[in-house]
Colleague: 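Let me begin by handing over the structure; questions about it come next.
Below, chains carry the letters A, B, ... as their sequence lines are ordered, and counting in each starts from 1.
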Amino acid sequence: QKEVEQNSGPLSVPEGAIASLNCTYSDRGSQSFFWYRQYSGKSPELIMFIYSNGDKEDGRFTAQLNKASQYVSLLIRDSQPSDSATYLCAVKGGTSYGKLTFGQGTILTVHP
Amino acid sequence: NAGVTQTPKFQVLKTGQSMTLQCAQDMNHNSMYWYRQDPGMGLRLIYYSASEGTTDKGEVPNGYNVSRLNKREFSLRLESAAPSQTSVYFCASSEAMGLNEQYFGPGTRLTVT
């Protein structure tokens, strides 16, 4: 079992819809959770991080964390074609103290 | 403020050749990292340096060496390149190894023939 798992997609949503990206992790001691966006041929850029159970909102993005279920998600409201990218879930803490463990990424396509 | 810079951007090597990938950051960060990214594999940690003067192995260190030259610079060396090392290499830095987020450089696309 991979330590951090994401559905690789591709996930296709129409413009204006809500895109829901999911991630599960295996290390119960994990403490911090990150979502990176990566455009094709570019480097990952941090868009959200969350440390506590519940929701965290930043503009059109909402990160949701459920440590009991070992599950973290990213919601993108009012999706735009410019949101089309690969979204990487990363987890830090537990047995991998200080080091990020990445999922394989979910490809999101927002079509007009 | 350039953030994290990497050189070169592209490189083609023949099997057995050596090369060094350079990384520098101007954010006064203590921790630096080298990752490789292969299709469908996400990012995998090769080596990291928690602070100046220390380096440690990550998930996939075989075939690589690193040097933390000073607080700003962290280089990755391939002593004898193999086709399996064809990948995109990213350098990253963070303020510390704890909860702080990592910032990535633009990447080096390496092909080994």
Side-chain angles (χ1 to χ4, degrees), chain A residues 1-10 21-27 29-52 56 58 61 63 65 72 85-107, chain B residues 2-7 9-10 21 23-25 27 29-51 54-61 66 87-111:
Chain A
Q1 182 189 2
K2 288 184 184 176
E3 293 185 45
V4 180
E5 291 211 48
Q6 297 180 253
N7 187 329
S8 59
L21 304 160
N22 303 317
C23 174
T24 59
Y25 59 94
S26 60
D27 188 341
S30 300
Q31 297 173 314
S32 49
F33 307 86
F34 302 83
W35 284 100
Y36 284 83
R37 177 176 62 200
Q38 187 176 26
Y39 292 115
S40 181
K42 302 296 186 182
S43 58
E45 56 176 329
L46 181 69
I47 52 173
M48 290 283 292
F49 60 88
I50 186 167
Y51 302 144
S52 304
K56 179 182 179 182
D58 184 0
F61 299 97
L65 175 61
V72 58
T86 298
Y87 289 80
L88 299 164
C89 173
V91 174
K92 185 185 283 193
T95 57
S96 65
Y97 172 77
K99 301 189 290 293
L100 281 176
T101 302
F102 284 86
Q104 71 271 41
T106 298
I107 298 170
Chain B
V4 181
T5 57
Q6 292 182 237
T7 55
K9 285 189 168 53
F10 301 93
L21 282 65
C23 173
Q25 52 88 11
M27 296 177 281
H29 284 170
N30 290 297
S31 303
M32 298 185 73
Y33 315 82
W34 277 105
Y35 293 91
R36 61 178 289 174
Q37 186 174 36
D38 303 295
M41 299 286 288
L43 285 147
R44 292 183 293 169
L45 184 64
I46 305 171
Y47 270 94
Y48 65 98
S49 172
S51 60
T54 69
T55 60
D56 282 290
K57 295 178 180 178
E59 181 185 354
V60 288
V66 291
S87 189
V88 180
Y89 291 85
F90 289 102
C91 178
S93 71
S94 67
E95 194 173 327
M97 285 288 290
L99 299 178
N100 309 91
E101 55 266 35
Q102 295 182 14
Y103 298 88
F104 285 80
T108 294
R109 189 172 295 273
L110 174 67
T111 302

Colleague: B:D56: what forms a salt bridge (charged side-chain N to carboxylate O under 4.0 Å, His left out) with it, not counting sequence neighbours?
Modeller: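 Result, salt bridge (charged side-chain N to carboxylate O under 4.0 Å, His left out) vs B:D56: none returned.
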Colleague: Output all residues satisfying ring pair (Phe, Tyr, Trp, His ring centres under 6.0 Å) with B:F104, sequence neighbours left out; order by chain, then residue number.
Modeller: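 Partners of B:F104 by the ring pair (Phe, Tyr, Trp, His ring centres under 6.0 Å) criterion, ordered by chain and then number, come out as A:Y36, B:Y35.
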Colleague: Is chain B contacted by the side chain of A:Q38, its backbone, both, or neither, given a heavy-atom distance below 4.5 Å?
Modeller: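 Just its side chain gets close to chain B.
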Colleague: Flag yes if more than 12 heavy atoms outside B:R109 fall under 6.0 Å of its CZ atom; otherwise flag no.
Modeller: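 Atom CZ in B:R109 is not packed in, count stays at 12 or less.
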Colleague: For the CZ atom of A:F102 and the CD atom of B:Q37, what is their distance to the nearest 0.5 Å?
Modeller: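 Taking CZ in A:F102 and CD in B:Q37, the distance rounds to 8.5 Å.
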Colleague: Would you please test A:K99 and B:E59 for side chain to side chain contact (heavy atoms under 4.5 Å, CB included) and show each step?
Modeller: CA-CA 10 Å; A:K99 301 189 290 293; B:E59 181 185 354; over 6 Å; no
Colleague: Tell me the closest heavy-atom pair linking A:S43 and B:G105, and the distance in Å.
Modeller: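 Closest approach of A:S43 to B:G105, heavy atoms only: CB-O, 2.9 Å.
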Colleague: Nearest heavy-atom pair of A:K42 and B:F90: which atoms, and what distance?
Modeller: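 That closest heavy-atom pairing would be O-CZ, 3.8 Å.
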Colleague: With a 4.5 angstrom heavy-atom cut-off, is it the side chain or the backbone of B:L45 that approaches chain A, or both, or neither?
Modeller: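 Only the side chain of B:L45 comes within 4.5 Å of chain A.
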Colleague: Looking at A:G105, A:P44, A:C89, which one has more heavy-atom pairs under 4.5 Å with chain B than the rest?
Modeller: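 Of the candidates given, the most pairs with chain B belong to A:P44.
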